[in-house]
J.: 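Sending over a structure as structure tokens; questions will come in a sec.
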Amino acid sequence: MQLTVVNRPHKSADAEYETDYRDNGQINCHLITIWNNPHSRDFNTLVAHELIHAWQAENNKDEIHGPYFVKLARKMEAKFNLREVYLPGIDEE
């Protein structure tokens with residue numbers, strides 16, 4: 001996994017997940033970018049959110065922010081004492 005932190009806000013996102021694939025279609029690397037935005041969710045929450053996307057890629061789950069994503073987000077919140085891993089109205093598909 002590659003985690004990049006950019007020390008400036010992004011115009012339309014606080015974080016982003018991308019899957020880097022090999023030529024044979026297998027996952028090469030998970031790419032997570034977090035932009036430093038003082039008005040966004042905290043760093044750990046953003047990383048948790050993007051890690052769910054990485055899990056989805058590893059497990060061939062095509063939904064982006066569907067019901068299973070929300071379920072995993074709530075589990076991450078409870079397990080790691082995080083808030084707002086999934087935000088209705090913000091993180092919807």
Side-chain angles (χ1 to χ4, degrees):
M1 175 178 27
Q2 177 181 322
L3 176 63
T4 303
V5 179
V6 180
N7 198 19
R8 61 175 167 69
H10 186 275
K11 62 183 177 213
S12 63
D14 297 329
E16 181 176 81
Y17 170 79
E18 186 177 344
T19 309
D20 179 44
Y21 291 97
R22 294 185 179 110
D23 291 338
N24 65 4
Q26 294 204 337
I27 294 173
N28 181 47
C29 186
H30 301 285
L31 307 170
I32 295 174
T33 304
I34 307 291
W35 285 277
N36 187 7
N37 182 349
H39 305 293
S40 118
R41 290 174 264 190
D42 68 77
F43 180 83
N44 291 339
T45 299
L46 292 170
V47 171
H49 179 105
E50 302 309 324
L51 285 174
I52 295 172
H53 289 305
W55 182 91
Q56 289 175 314
E58 289 284 344
N59 292 279
N60 297 314
K61 301 294 183 189
D62 290 333
E63 68 169 45
I64 301 299
H65 293 121
Y68 203 78
F69 185 97
V70 174
K71 181 179 178 179
L72 289 175
R74 299 301 175 237
K75 285 183 176 186
M76 295 280 269
E77 290 168 351
K79 175 78 175 172
F80 299 108
N81 196 29
L82 300 171
R83 296 178 48 231
E84 302 177 332
V85 172
Y86 171 82
L87 282 173
I90 304 289
D91 293 327
E92 293 174 354
E93 292 186 63

J.: Could you tell me the separation between the CD1 atom of I27 and the CE atom of M1, rounded to the nearest 0.5 Å?
T.: 12.0 Å
J.: Is a donor on one side and an acceptor on the other found under 3.5 Å between the side chain of E77 and the backbone of V85?
T.: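 At least one qualifying donor-acceptor pair exists.
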J.: Check the side chains of E50 and H30 for a donor-acceptor pair under 3.5 angstrom, ignoring hydrogens and angles.
T.: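 There is no such pair between these side chains.
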J.: In terms of hydrophobic clusters joined by side-chain contacts under 4.5 Å, are V6 and L3 together?
T.: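 No.
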J.: Following the transitive rule for hydrophobic clusters with a side-chain heavy-atom cut-off under 4.5 Å over Ile, Leu, Val, Met, Phe, Trp and Tyr, establish whether W35 and L46 coincide in one cluster.
T.: no
J.: Do L87 and R41 touch side chain to side chain, with heavy atoms closer than 4.5 Å?
T.: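 The answer is yes, as the side chains (C-beta and beyond) meet within the 4.5 Å cut-off.
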J.: Minimum heavy-atom separation for I34 and A15, please, with both atom names.
T.: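 I34 and A15 have their closest heavy atoms at CD1-CB, 3.6 Å.
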J.: What's the shortest heavy-atom distance between N44 and D42, and which atoms?
T.: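 That closest heavy-atom pairing would be N-OD1, 3.1 Å.
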J.: Rounded at 0.5 Å granularity, tell me how far CG in D91 sits from CG in D14.
T.: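 Separation between the atoms: 9.5 Å.
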J.: Evaluate E16 against H10 for side-chain contact (heavy atoms from CB on, under 4.5 Å), listing each step before the verdict.
T.: CA-CA 10 Å; E16 181 176 81; H10 186 275; 5.7 Å; no
J.: To the closest 0.5 Å, what do you measure between CG (N37) and CZ (R8)?
T.: 11.5 Å
J.: For Y17 and H53, take the angle between the two ring planes, folded into 0 to 90°, and tell me which bin it lands in: parallel under 30, tilted 30 to 60, perpendicular over 60.
T.: parallel
J.: How long is the straight-line distance from CE of M76 back to CG of L82, given to the nearest 0.5 Å?
T.: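 Atom-to-atom, L82:CG and M76:CE are 7.0 Å apart.
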J.: Got a sec: does the CG of N7 have more than 12 other heavy atoms crowding it under 6.0 Å?
T.: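 It does not: N7 CG has 12 such atoms or fewer within range.
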J.: Please enumerate all residues that pass ring pair (Phe, Tyr, Trp, His ring centres under 6.0 Å) together with F80, with sequence neighbours excluded.
T.: none
J.: Would you call the rings of Y86 and H65 parallel, tilted or perpendicular, where under 30° means parallel and over 60° means perpendicular?
T.: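 Plane angle between 30° and 60°, so tilted.
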J.: R74 versus V70: any side-chain heavy-atom pair under 4.5 Å?
T.: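 The answer is yes, as the side chains (C-beta and beyond) meet within the 4.5 Å cut-off.
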J.: Just verifying a value: how many Å separate T19 OG1 and L31 CG, rounded to the nearest 0.5 Å?
T.: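 T19 atom OG1 to L31 atom CG measures 7.5 Å (nearest 0.5 Å).
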J.: Calculate, to the nearest 0.5 Å, the distance between atoms CD and CZ belonging to E63 and F69 respectively.
T.: 8.5 Å
J.: Taking atom CZ of R22 as the centre, report whether more than 12 heavy atoms of other residues, nucleotides or ligands fall under 6.0 Å from it.
T.: yes
J.: Around atom CG of N59, are there more than 12 heavy atoms from other residues, nucleotides or ligands closer than 6.0 Å?
T.: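 More than 12 heavy atoms, drawn from other residues, nucleotides or ligands, come within 6.0 Å of this atom.
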